[in-house]
Number of protein chains: 2
Amino acid sequence: MPGVAHTETRFDRRLAEILEYAIEVFYERGYEGASMRDLSRATGMSLAGLYYYFESKERLLYLIQKHTFKTIVQRLKERLKDANQPEQRIRVFILNHLEYFLSNQKAMKVLSHEDDALKNGFGAEIAAIKREYYHTCLDLMDEFKAAKGLEFNSRIAVLSLFGMMNWIYTWYKPRVDADASELARDMGDIFLRGICTGGQRGTRRKV
Amino acid sequence: MPGVAHTETRFDRRLAEILEYAIEVFYERGYEGASMRDLSRATGMSLAGLYYYFESKERLLYLIQKHTFKTIVQRLKERLKDANQPEQRIRVFILNHLEYFLSNQKAMKVLSHEDDALKNGFGAEIAAIKREYYHTCLDLMDEFKAAKGLEFNSRIAVLSLFGMMNWIYTWYKPRVDADASELARDMGDIFLRGICTGGQRGTRRKV
DNA sequence: CTAATATTAGAACGAACGTTCGAACTATGG
DNA sequence: CCATAGTTCGAACGTTCGTTCTAATATTAG
């Protein structure tokens with residue numbers, strides 16, 4: 001698209017502001033539980049005025065989820081360029097995820113918790129980004145396996161790792177818990193040691 | 001309470017049936033997204049008829065969550081009686097959680113996903129059961145640490161474990177993934193190896 | 001300053017929400 | 001078979017929902 005992306009318009013800035021409020025509202029009350037009137041109150045804008053910026057509540061959630069997810073994926077790609085060793089690459093993945101998660105905790109809850117709230121087209125697009133993100137992690141896991149000569153179920157490993165990380169939104173308290181880098185180290189330790197078998201290869205306890 | 005629990009009345013049986021349908025509906029559409037009319041349709045009972053069995057939609061969610069949670073806690077207590085070694089006790093915890101989770105996947109999603117949907121009194125009671133369950137696991141972790149002479153953050157360990165296990169409701173497919181016992185073994189392996197440090201005690205890499 | 005354009009707001013739409021009421025059923029014990 | 005208690009229902013209540021219409025107000029360009 002030539003000659004399109006030049007200046008950020010007033011419209012774009014205002015929309016971005018509204019999205020921030022919407023994240024807050026969805027975080028607090030959930031997508032279904034939040035009403036457009038809640039958002040109207042939060043932004044100080046009239047109910048009708050909001051619809052100048054997006055066409056529906058569902059589209060609003062879509063915009064939030066897409067922007068959040070695209071950002072985390074893009075940051076990951078950049079960071080992975082600088083990492084070569086398989087273990088380090090997995091640690092980069094964990095750190096990137098947790099750093100973004102904790103810096104944007106509310107948006108990440110809206111992304112994780114309202115996973116299947118979007119229907120049809122909207123839902124499909126977000127699901128595609130999610131699948132790409134999942135596969136990136138799966139590939140890292142397979143690299144690691146090959147390099148170390150390990151055998152384990154990559155699917156279970158990746159999904160367990162996502163569980164450890166995404167569950168954070170249910171318990172993390174900034175005043176109590178460590179910051180992202182320390183958390184990433186701890187979870188990375190647990191996970192990486194966890195997927196390394198004791199040394200035997202291709203063996204299964206008890207048959 | 002002497003002389004209370006005798007026969008299961010028709011009322012009790014019908015209520016239990018309705019709760020099953022409610023689990024299905026809440027699972028499918030979420031607590032906020034599900035309407036009493038959805039439940040009416042699912043049960044084949046009239047909208048007004050439902051209110052003969054419970055006084056509000058919120059109370060309905062409470063009944064589901066309480067029964068589900070109480071059952072899983074009770075089963076755990078019985079199973080822990082037969083386990084003595086710290087490692088085995090943690091494995092029992094994991095197996096109990098996953099077995100119940102997969103046998104009652106829909107109810108467990110309603111429990112996990114609608115964590116903060118209940119207000120005030122209802123919410124407080126469920127939160128208390130949850131806290132008890134959490135502390136049981138925390139104690140198991142501390143037993144394990146003491147027995148093995150390990151040092152790690154028990155809070156992070158327990159919450160990571162819960163994350164691994166509870167996240168299942170977002171991805172588990174019976175036709176694709178292994179059953180509870182195999183899953184419990186895999187996750188148990190990852191977790192238990194994960195929390196065992198390489199042997200050094202009280203050391204911290206890099207400072 | 002004026003005319004065009006971008007942005008906001010008041011008021012209302014029909015639909016769906018959780019819940020209630022009184023009447024009508026159905027089962028049960030005398 | 002009747003009376004009583006237990007169970008179900010149609011119809012409606014008042015409220016809130018997401019969304020839209022039209023008109024009014026800011027902003028900007030000429």
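A note on names: the letters A, B, ... follow the listed sequences, proteins ahead of strands, and every chain is numbered from 1. The figures here come from the full heavy-atom set of this structure, side chains too, leaving out hydrogens, waters and symmetry mates.
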Show me the side-chain donor-acceptor pairs of residues 64-72 of chain B shorter than 3.5 Å, one per line, residues at least two apart or across chains.
from: B:Gln65; atom 1: NE2; to: B:Val110; atom 2: O; distance (Å): 3.2
from: B:Gln65; atom 1: NE2; to: B:Glu114; atom 2: O; distance (Å): 3.1
from: B:Lys66; atom 1: NZ; to: B:Tyr62; atom 2: OH; distance (Å): 3.2
from: B:Lys66; atom 1: NZ; to: B:Glu125; atom 2: OE2; distance (Å): 3.2
from: B:Thr68; atom 1: OG1; to: B:Ile64; atom 2: O; distance (Å): 2.8
from: B:Thr71; atom 1: OG1; to: B:His67; atom 2: O; distance (Å): 2.6

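- Taking the charged nitrogens against the carboxylate oxygens, B:Glu143 and B:Lys148 have no contact shorter than 4.0 Å, which rules out a salt bridge.
- Taking the side-chain hydrogen bond (donor to acceptor under 3.5 Å, both in side chains) definition, one finds that B:Asp115 meets it with B:Lys130, sequence neighbours left out.
- At a cut-off of 3.5 Å, with distance as the only test, no side-chain donor of B:Asp139 or B:Thr136 sits close to an acceptor on the other residue.
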Hey, can you pull the donor-acceptor pairs under 3.5 Å for the side chains in residues 27-43 of chain B, sequence neighbours left out?
from: B:Arg29; atom 1: NE; to: B:Asp38; atom 2: OD2; distance (Å): 3.1
from: B:Tyr31; atom 1: OH; to: B:Glu58; atom 2: N; distance (Å): 3.3
from: B:Ser35; atom 1: OG; to: B:Arg37; atom 2: N; distance (Å): 3.3
from: B:Ser35; atom 1: OG; to: B:Asp38; atom 2: N; distance (Å): 3.0
from: B:Ser35; atom 1: OG; to: B:Asp38; atom 2: OD2; distance (Å): 3.3
from: B:Asp38; atom 1: OD1; to: B:Arg41; atom 2: NH1; distance (Å): 3.2
from: B:Asp38; atom 1: OD2; to: B:Ser35; atom 2: N; distance (Å): 3.0
from: B:Ser40; atom 1: OG; to: B:Met45; atom 2: O; distance (Å): 2.6
from: B:Thr43; atom 1: OG1; to: B:Leu39; atom 2: O; distance (Å): 2.9
from: B:Thr43; atom 1: OG1; to: B:Ser40; atom 2: O; distance (Å): 3.2
from: B:Thr43; atom 1: OG1; to: B:Met45; atom 2: N; distance (Å): 3.1

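- With respect to the salt-bridge test (charged N to carboxylate O, under 4.0 angstrom), the residues B:Asp116 and A:Lys109 qualify.
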Would you be so kind as to tabulate the donor-acceptor pairs closer than 3.5 Å made by side chains of residues 157-173 of chain B, with sequence neighbours excluded?
from: B:Ser160; atom 1: OG; to: B:Ile156; atom 2: O; distance (Å): 2.7
from: B:Asn166; atom 1: OD1; to: B:His97; atom 2: NE2; distance (Å): 2.8
from: B:Trp167; atom 1: NE1; to: B:Thr170; atom 2: OG1; distance (Å): 3.3
from: B:Tyr169; atom 1: OH; to: B:His113; atom 2: ND1; distance (Å): 2.7
from: B:Thr170; atom 1: OG1; to: B:Trp167; atom 2: O; distance (Å): 2.7
from: B:Tyr172; atom 1: OH; to: B:Ala178; atom 2: O; distance (Å): 2.6

| request: Produce a footprint string for nucleotides 13-30 of chain D: one letter per nucleotide, 5' end first; B if the base is under 4.0 Å from any protein heavy atom, S if only the sugar-phosphate is, - if neither. | output: ----BBBBB-----S---
| query | Should B:Lys106 and B:Glu20 be marked as a salt bridge (Lys or Arg N to Asp or Glu O under 4.0 Å) after you check the CA-CA gap, both sets of side-chain angles, and the distance that decides it? | reply | CA-CA 10 Å; B:Lys106 295 180 181 178; B:Glu20 283 305 309; over 6 Å; no
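- Residue-level contact check: B:Tyr53 touches the backbone only, with heavy atoms under 4.0 Å from sugar-phosphate atoms and none from bases.
- For the segment residues 11-20 of chain A, no residue has any heavy atom less than 4.0 angstrom from an atom of DNA chain D.
- Distances shown here put a side-chain N or O of B:Tyr52 below 4.0 Å from the OP1 or OP2 atom of D:dT7.
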